[in-house]
Protein chains: 2
Amino acid sequence: MTVVEELRAAVSSKKLVVLVARCTVTYEGRASSKLEEGDRVILIKEDGSVIVHRPVGYEPVNYQPPGSVVSVEGDDDGFRIIVTRTKRRERLLIEVHSVKHFFSAKLEDSARFTMWGDEEDLRRAILADPSKMLGENLKPVGAEVSLGSAGFADAVFVDSEGNLVVVEVKREKASVEAVYQLKRYVERIKRETGRKVRGILAAPGFTVSAIRALKAEGLEYRQVSMKDAREVLSRLTAFW
Amino acid sequence: MTVVEELRAAVSSKKLVVLVARCTVTYEGRASSKLEEGDRVILIKEDGSVIVHRPVGYEPVNYQPPGSVVSVEGDDDGFRIIVTRTKRRERLLIEVHSVKHFFSAKLEDSARFTMWGDEEDLRRAILADPSKMLGENLKPVGAEVSLGSAGFADAVFVDSEGNLVVVEVKREKASVEAVYQLKRYVERIKRETGRKVRGILAAPGFTVSAIRALKAEGLEYRQVSMKDAREVLSRLTAFW
DNA sequence: TCGTTTATGTCGGAG
DNA sequence: CTCCGACGTAAACGA
């Protein structure tokens, strides 16, 4: 069986394909790109994802997402892999000049992937123990509160004076962007409830301009650490 | 030579490595993750990038970016690939239980990659021919204008009445986020110059809430197309 | 180095 | 579907 025949068989039987080849890559879609001839690693997955990697760099130089349609034209003297997307008018064309390596196989992977220490954990910890995380006694009244066109507020509390407190959580250093996001939520809730609303940006750090903007907008901020969050959450899960 | 020896040799001689293996992957760094045993494709690049793909999905399940340090411990009965980052305290651990496939080679790829039809093209077209792109005669006074803590304005013009006009460009449908970005720039320039400042959001489309926010904030918007931008730019480059 | 923005972003989730 | 925000975002670019 030729490489092209093997490739076609692998694609139609939804095997994973690893192709190392000298090729030229063209993309037409939301943008356009042209990659001249060179050696690349091409990954074709069973779900129609196609990923083209150059010998350096984290990101693929070209790709198509899952659900794409892969077709192969030509023979071992030179063939083309054409990947089109069903929804958008997008086309990835890989012109293969010579194959350095070909591998295909049905891969088995039903394992669970778990991630922790992300923004969600920080948010959960703040909701679970606002006193420890924010240094203030707050009564939680909602999480991921939908604000319609304004988005979602990470957490909403009532403080000891009865004011609403909107908290926006960032897992990394918060920039000016986050300040205006918080401001949007505060304004929206103010308008909707007619009550006094405080806004708190909670993050492990803040850019100088973020702090300047916070002050200018009359918003507050609290430094929170993932370490504290872990502690709060481990106390919680200890009961389960 | 055993696979582990080959792998070590390939890594130290900065070859590209493709490893298809049954493995368990653990990550500790900004967050933490655990991926239980399954078949994966592991790409190790000459620049230290390591990318772990599951049989489905566009995105790698785990990775380390270029510049990481790759080390291999163990033998063919079971080995571990440890990838650490020099700057941050981050560690990726790939415990390889069995190797399904191994390939390594020095890849040659010095080709040029060009992309067009991105946001920069749209911006350049708007600056080159605001009349055609925005339907109004504007005199460009700056591009990528630094506004200190407020960020960067894509393009600044003066209109026929002598007002400053800040234009924020989006290559795709603009959302409420873009409106507030524009607002930030307008406010800042207003404060800095004391002049009347108009703000225009230029994009191929707008979400309903973006338009609502634009009106509420007294900002303008113009629909622009990448097609027109291409035309404008091709006219420009025709002279070169 | 830090800070800001873009991305063919992708992905997930709510409405 | 659309819309919105997070991402271990990464990568580029300027200060």
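Just so it is clear: chains get the letters A, B, ... in the order the sequence lines come, proteins before strands, and each one is counted from 1. Note: hydrogens, waters and symmetry copies are ignored here, and every other heavy atom, side chains too, is used.
Heavy atoms of A:Arg88 sit nowhere under 4.0 angstrom from any nucleic acid atom. Within the 4.0 angstrom heavy-atom criterion, no nucleotide atom of any strand lies near A:Phe206. Backbone-only engagement by B:Glu168 is indicated by non-hydrogen atom pairs under 4.0 Å involving sugar-phosphate atoms exclusively. Among the heavy atoms of the strands lying under 4.0 Å from A:Val61 is at least one base atom, whether or not backbone atoms are also near. Using a 4.0 Å heavy-atom distance criterion, B:Gly29 is classed as making no nucleic acid contact.
Look at A:Arg123 and you won't find any side-chain N or O under 4.0 angstrom from OP1 or OP2 of D:dA6. Using a 4.0 Å cut-off, no side-chain N or O of B:Arg188 falls inside it from OP1 or OP2 of C:dT4. Side-chain N/O atoms of B:Arg171 include none lying less than 4.0 angstrom from OP1 or OP2 on C:dT8. For the pair A:Tyr185 and D:dG5, the criterion of a side-chain N or O lying under 4.0 Å from OP1 or OP2 is met. At the phosphate of D:dC7, neither OP1 nor OP2 sits under 4.0 Å from any side-chain N or O atom of A:Lys170. Contact check, A:Lys173 against C:dC2: no side-chain N or O comes under 4.0 Å of OP1 or OP2. Phosphate contact (OP1/OP2 of C:dT4, side-chain N/O of A:Thr207, threshold under 4.0 Å): present. Considering only side-chain N and O atoms, A:Ser209 lies under 4.0 angstrom from the phosphate OP1 or OP2 of C:dT4. Between B:Arg184 and C:dT5 there is a side-chain N or O to OP1 or OP2 distance below 4.0 Å.
You'll find that the side chain of A:Arg85 is closest to C:dT10, out of C:dT4, C:dT10, D:dG8. Comparing atom distances between the B:Pro66 side chain and each of C:dA7, C:dT4, D:dA11 picks out D:dA11 as nearest. Nearest nucleotide to the A:Glu59 side chain, out of D:dA10, C:dT8, C:dT6: D:dA10. Nearest nucleotide to the side chain of B:Gln181, out of C:dT10, C:dT6, C:dT8: C:dT6.
Here C:dT4 presents its P atom at 14 Å from CD of B:Glu177, a figure rounded to the nearest Å. Straight-line distance from the CG atom of A:Asp121 to the P atom of D:dC7: 10 Å, rounded to whole Å. As rounded to whole Å, 13 Å separates atom C1' of D:dG8 from atom CZ of A:Arg230. The nearest whole Å value for the distance from the CZ atom in A:Arg30 to the C1' atom in C:dT10 is 9 Å. Atom CG of B:Asp154 is separated from atom P of C:dT5 by 9 Å (rounded to the nearest Å). Straight-line distance from the CD atom of B:Glu119 to the C1' atom of C:dA7: 10 Å, rounded to whole Å. Residue B:Tyr58 contributes atom OH, which lies 9 Å from atom C1' of C:dT8 at whole-angstrom precision. In this structure, B:Leu122 atom CG and C:dT5 atom P are separated by 18 Å, rounded to whole Å.
The ring of A:Tyr63 lies on top of the base of C:dT8, close enough and flat enough: under 5.5 Å between centres, under 30° between planes.
B:Gln181 and A:Tyr180 share no donor-acceptor pair across their side chains, judged by distance under 3.5 Å alone. A donor atom on one side chain and an acceptor atom on the other are not found under 3.5 Å apart for B:Tyr58 and A:Gln64.
Nearer the 5' end of DNA chain D, as judged by each residue's closest nucleotide, is the contact made by B:Glu90, out of B:Glu90 and A:Gly57. If you find the closest nucleotide of DNA chain D to B:Pro65 and to B:Val208, the one lying nearer the 5' end belongs to B:Val208. Residue order along DNA chain C, read from the 5' end via each residue's closest nucleotide, puts A:Ala174 first among A:Gln64 and A:Ala174.
Side-chain atoms of A:Met133 and A:Asp228, non-hydrogen and from C-beta on, do get closer than 4.5 Å to each other. In this structure, B:Thr26 and B:Asn62 have side chains that are not in contact, with every pair of non-hydrogen atoms separated by 4.5 Å or more.
For A:Asn62 against C:dT8, a side-chain-to-base donor-acceptor contact under 3.5 Å is present. Between the base of C:dG9 and the side chain of B:Glu172 there is no donor-acceptor pair shorter than 3.5 Å.
Taking 4.0 Å as the cut-off between side-chain N and carboxylate O, A:Arg188 and A:Glu192 count as a salt-bridged pair. A salt bridge does not link A:Arg230 with A:Asp121: every distance from a Lys NZ or Arg NE/NH1/NH2 to an Asp or Glu carboxylate oxygen is 4.0 Å or more.
Taking CZ of A:Arg198 as the start and NZ of A:Lys190 as the end, the distance is 12.0 Å to the nearest 0.5 Å.
Distance check on atom P: C:dT4 versus C:dT8 gives 23 Å, rounded to whole Å.
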